Amino acid sequence: MAEARSETLVPASAWGGGASPFAMNSKKLGMWLFIISDALTFSALLVAYTYLRLATPNWPTPFHFSPSILFASLMTFVLLSSSLTMVMGVHAMNHGHRRRAVGWILATMAGGAAFVILHATEWRHLIVDEGVTPFSNPWNEPLFGATFFALTGLHMTHVIVGVLYLGVIAIGVGRGKFKPEDVEVSGLYWHFVDLVWMFIFPLVYLMSVHI
Amino acid sequence: MPLAFIVWAFAIVIVYVFLARLWWFPPPINQHGIIYDQHFLSTLLVTGVIFFLAQLALGYVIVRYRDRGQRAVYSHGNNKLEVLWTSAAAVLFIGAVLASTRVYAGVHLGRPPENALRVEVLGKQFAWSFRYPGPDGKFGRTDIKLINDAGGNPFGLDDTDPAARDDIVTSALRVPVGTPVRLTLKSRDVIHNFFVRELRLKQDLVPGMEIPLVFQADKTGVYEIPCSELCGLGHHQMRSTLEVLTAEEFRRWEQAQVEQLRQLQQP
Amino acid sequence: MSSPVTHHAVHAAPKGFLRRYIFSTDHKVIGKQYYLLALFSVFVGMLLSVLMRYHMIYPDAKVSWFEKLWPTGAAGGIMTPELYLSLMTMHGTIMVFFVLTTAPQSGFGNYFLPLQIGAEDMAFPVINMLSFWTTFAALVVLLAAFFVPGGAPLSGWTAYPPLSAVGEIAGPGQGTGQTLWILSIALFCAASLMGAINFIATTIDLRAKGMTLMRMPLTCWAWFVTAILSLLGFAVLLAAGILLLLDRTAGTSFFLPAGLVVNDQILNHKGGSPLLWQHLFWFFGHPEVYIAILPGMGLTSTVLSVFARKPIFGYRAMVYAILAIGFLGFLVWGHHMFVSGMNPYTGIAFSVLTMAIGVPSAIKTFNWIGTLWGARIRFTTPMLFALGFVSLFVTGGISGIFLGQPALDLYLHDTYFVVGHFHMIMGVAAIFGIFAGTYYWFPKMYGRMMNETLGKIHFYLTFIGVYAIFTPMHFVGVAGNPRRYPNFKEFEFLGELLPVHTFMTHAAFFTAAAQLIFLFNFFWSMKKGAKAPVNPWEATTLEWTVPSPPPHDNFGGRLPEVYRGAYEYSVPGAEKDYLMQNEPAVAVKE
Amino acid sequence: MQAHSEQAIAVTAKTFVWVWVALLAMTVVEVLLAYFHVPLLLMLTALMGLSVIKGALIIAYFMHLKFERFSLFLTLFPMLIFCILLLFIFMPDSFRLMELRPR
């Protein structure tokens, strides 16, 4: 057929090759793709949690305002704020303020570290004081602890990896090696970690409703 | 070139084996089995024709369009044909599955009749056990702590419950002919599968679930029950039988069981 | 270094053996590494299957070297049922993950995606290298399961809990072996994820000028869609794997309900559900089937068009069919669970969707035959394998119409009918795609031609062999033969089917032996084959514009420009009977 | 939405602070909500609704998706949302599990 060959030689759209259709570098696209995949992993875990919770008649709701909810709210605050500092870091980097960017990234790392410490304290409280472990707890619904530790544990792993990742970025930026886009890509990851918590926090802590 | 003849030969052999029924289902012993076979045959007919024609066509183009110095046709396709065979395939496939839904629904969505004989089926690595409620018509209490396979108590019947004392536990499934049977399938360890070829029925036994399965056998005889879901190293040995007895035989067998239980429980 | 277009304009080949051949970031080296890994795996997997078939018909035979290989599993040289089951598990896992996922996608895809779209490398060369070595580690961890106490796991490649979750009390191999299995799968998930990101980013960003999506060869489309399936599917498998690992090592009970008594031990688990694993697993598992077969479909389309000397019939329809298969592939996982205790209404919904996926598959078949219609077929070895693919695809696909209906699945589920079905379509058809790709691209990869006579002998023996192995499986399946039985001694009705199994086993010996011809041809041609010209098959896609084998930077620093679709054969008025994709506009009579 | 990342640079830091404030406010609402004994469905809808809004804000502003080409959004998100919705096909089985539990 004629139309297949009579196409113009110059690509008609961004999809015609020789250009990035999203007008972004491949690294950023790669990070977005990773985020999609990782989001699905977390979704699968959250759906598994929902599935098991729905099938369990007496799901325990032991999170009281103090200390658990208070702690978790504080953690949410820390994480959200670290997202703000991160976006400020990206912003500074985009405007060519390298030193300021390093400062913001360090602040973000501090936020991440604070989150991990708070979370670890809460885990300790649950394990030592309340006797919740992945396989048993005082309310005799072992899945409660299992889902809690699996979900928050995987998230905490992501936070720890994120802090290390940001450390590498901070050093690179400080030495003048990395470009603004590298900071932005690391920012994408960090915000994603924040985003996941926005779903884990209400589903695991706040849904203390009897089903 | 030789490829065409090989393709045709295989197509012919396959169609022949299915037509001649060299290896085939055992005859069905229930209403569902008869419907199942009908549906299988109609699916076989439709798919068989498609299969044969497709392989025939493949062989044909191989022979007809081999390189004999001719010029190949320059064509990028034909949208009309494309639409035609897409819709034909869609109608055919969706039609087949809609037609079959009735057969599936008949097994899983019907309500068991009130007078159905109730039997519990328990799978474990690597044996089957069946429990009848006994004369009182009630399944007694069980407790996993009381499970004792060597002592003939795979269900863990609790003898302190009078309803449990008359429960009949066997290693083969015996049912009266022409009577609806409601099985409750459960497993104690891993997933097993209850399969009776002659009933055309198959259902997994999932730990943590009590899955109902209803059937009615209309022909007496002894039929094998193979476990059909990988359950471990003895999977291939996990055998029992379905014995379809006449009503009279079944009554006599049940009575003998009850009598035996009573004697065992005499102090 | 990663701005999309002016991507490292010229890069010199790295010096030093390690950087060049082992930890290379060159997509061509990585592609070959993947291919060789798959080649090794396929022979291991095949050896396991031959041993399984042997045990099935001679369960009591004494073979002294069995004992040397597996001192506990085959004490005295007699294979035990548990050894059979562990061979089966490893056969399935190796074949599905390390052959069918690795060879066509990671192997050929890595080598030829950048070449076909006119790029110098993949978008993330370092991640590409990491991805290979993670896959390698996954294979090592998996094979290590053979050598730990208890041996390899015996729960099948689907690893249904509770069998896979409760540990050693469920059987030998369910201890350390099963844990290694899950670790291997988790590593493989990570590797596939890295690969998928790379493939998608490369396809989107690095296409040469003029290479519109609708001008890409169908192979590229297939790799692209397969990568999307991997990206989403493996993400869910990873979640399932984490939960199973926790069940095994941390004592949780995601997949373990209350009241389990395994091997006379009361377990303290409570609340979980074995069905949850099945859902999560098949959510990945069904797209995985298409991950295995889609690249084969793309390749078959290309090879058919090249050797029919005819444009592909209905290019757009083919693209849409690939997309539709990818999309619907996510909607049909429930058809693996018709008899698993799933909600029957869900079952009915899944069955309709399952049948719907037959439609794009049918479109592909019709279009392949349409491509051949009016052609001028050159019967080279790759073409023979592509034609064989079409035949096998039809045969294997047809039996899917039976299994996709829950009503018929009530009998056929977990019988040899299923084994025959998926071996035909995702096993052998996909392998035929890999063979077609090997014979087709070998000249480009190694700069030498493979021997055509040996190739044809290999094809005919294999084609006859696989039909002889897998067709009878449908027959015994209809007779009700359950799968995953190490022997058929315990059941009366199975005894009658033993002659058929004997036939299949001999056919398997025959077919496996025929593969040695391929192995010989492959390695002999690598050293002694005739030197390959740039474009031995007179094909139009971009990989045939560069020397065989291509230089380190593929296009010598000057990226090609593309002017037309990938399948311009027998163009009226053109001098040759084909037009390369990068040939500038030429006078063509309408 | 057909803008480029340059626009992200043009956005002032003030915007991000406002987004942050909005996120915090919504979190406070969520926490408070947990102490009103509202019916399950309402609770779930409110919590998830707020979370989705929060997520959208994070994606749009912090992750700069608002300033990328719309085609990126169209490429990435439909498949993710589609897959997540698909996962909910598990739920009928969860209820069935309740029904068929051994008593």
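So you know, we letter chains A, B, ... as the sequences are listed, proteins then strands, and number each from 1. Keep in mind that this is a model prediction, so the values were computed, not measured.
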Do you know which two heavy atoms are closest between [X] and [Y], and how far apart they sit?
X	Y	result
Leu260(C)	Pro207(B)	CD2-CB, 3.6 Å
Ala72(B)	Arg309(C)	CB-O, 3.2 Å
Gly480(C)	Phe195(B)	O-CE2, 3.6 Å
Leu410(C)	Lys202(B)	O-CB, 2.7 Å
Thr43(B)	Leu408(C)	OG1-CD1, 3.7 Å
Gly171(C)	Leu233(B)	CA-CD2, 4.3 Å

Taking every non-hydrogen pair under 4.5 Å, which of [options] racks up the most with chain C?
options	value
Trp24(B), Tyr60(B), Phe10(B)	Phe10(B)
His108(B), Arg239(B), Arg200(B)	Arg239(B)
Gly234(B), Gly59(B), Ser100(B)	Ser100(B)
Thr101(B), Val73(B), Val206(B)	Val73(B)
Phe93(B), Phe25(B), Trp85(B)	Trp85(B)
Val17(B), Val107(B), Val103(B), Leu201(B)	Val17(B)

Determine, step by step, whether Asn367(C) and Glu82(B) satisfy the side chain to side chain contact (heavy atoms under 4.5 Å, CB included) criterion, reporting the C-alpha distance in whole Å, the side-chain angles of both residues, the deciding distance to 0.1 Å, and the verdict.
CA-CA 8 Å; Asn367(C) 280 352; Glu82(B) 211 76 64; 2.6 Å; yes
Contacting region of [X] [heavy-atom separation from chain B under 4.5 Å]:
X	answer
Glu492(C)	both
Ile464(C)	both
Leu494(C)	neither
Thr471(C)	side chain
Phe493(C)	both
Ala165(C)	neither
Val500(C)	side chain
Tyr460(C)	side chain
Asn487(C)	both
Pro161(C)	backbone
Ser86(C)	neither
Leu85(C)	side chain
Gln278(C)	side chain
Phe379(C)	side chain

For [X], is it the side chain, the backbone, both or neither that has a heavy atom under 4.5 Å from a heavy atom of chain C?
X	answer
Ile211(B)	side chain
Gln70(B)	both
Gln237(B)	both
Val13(B)	neither
Phe40(B)	both
Ile191(B)	both
Gln203(B)	both
Ile225(B)	backbone
Lys124(B)	neither
Leu44(B)	both
Asn148(B)	neither
Ile147(B)	side chain
Leu81(B)	side chain

Going by atom types only, do Ser340(C) and Glu229(B) share a side-chain donor-acceptor pair under 3.5 Å?
no
Check whether any side-chain heavy atom of Leu109(B) sits under 4.5 Å from a side-chain heavy atom of Tyr345(C), and report yes or no.
yes
Looking only at atom types and distance, does a side-chain atom of Gln55(B) sit under 3.5 Å from a main-chain N or O of Ser391(C), one as donor and one as acceptor?
yes
Verify side chain to side chain contact (heavy atoms under 4.5 Å, CB included) between Asp67(B) and Phe307(C), making sure each step is shown before the conclusion.
CA-CA 10 Å; Asp67(B) 187 355; Phe307(C) 296 103; over 6 Å; no
Using 0.5 Å steps for rounding, measure from the [atom1] atom of [X] to the [atom2] atom of [Y].
X	Y	atom1	atom2	result
Leu387(C)	Ile6(B)	CG	CD1	11.5 Å
Phe475(C)	Ile14(B)	CZ	CD1	6.0 Å
Thr241(B)	Phe491(C)	OG1	CZ	10.0 Å
His235(B)	Arg483(C)	NE2	CZ	9.0 Å
Ser75(B)	Lys310(C)	OG	NZ	5.0 Å
Cys227(B)	Tyr485(C)	SG	OH	6.0 Å

Other residues, nucleotides and ligands only: do more than 12 of their heavy atoms fall within 6.0 Å of CZ on Arg111(B)?
no
Arg71(B) atom CZ, over 12 foreign heavy atoms within 6.0 Å
yes
Largest heavy-atom contact set with chain B, pairs under 4.5 Å, which of Gly341(C), Pro482(C), Pro486(C)
Pro486(C)
Show your working on side chain to side chain contact (heavy atoms under 4.5 Å, CB included) between Glu568(C) and His76(B) and close with a plain yes or no.
CA-CA 9 Å; Glu568(C) 293 300 313; His76(B) 280 281; 3.1 Å; yes
Audit row: Asp189(B), Val261(C), side chain to side chain contact (heavy atoms under 4.5 Å, CB included) steps and yes/no:
CA-CA 6 Å; Asp189(B) 38 33; Val261(C) 183; over 6 Å; no
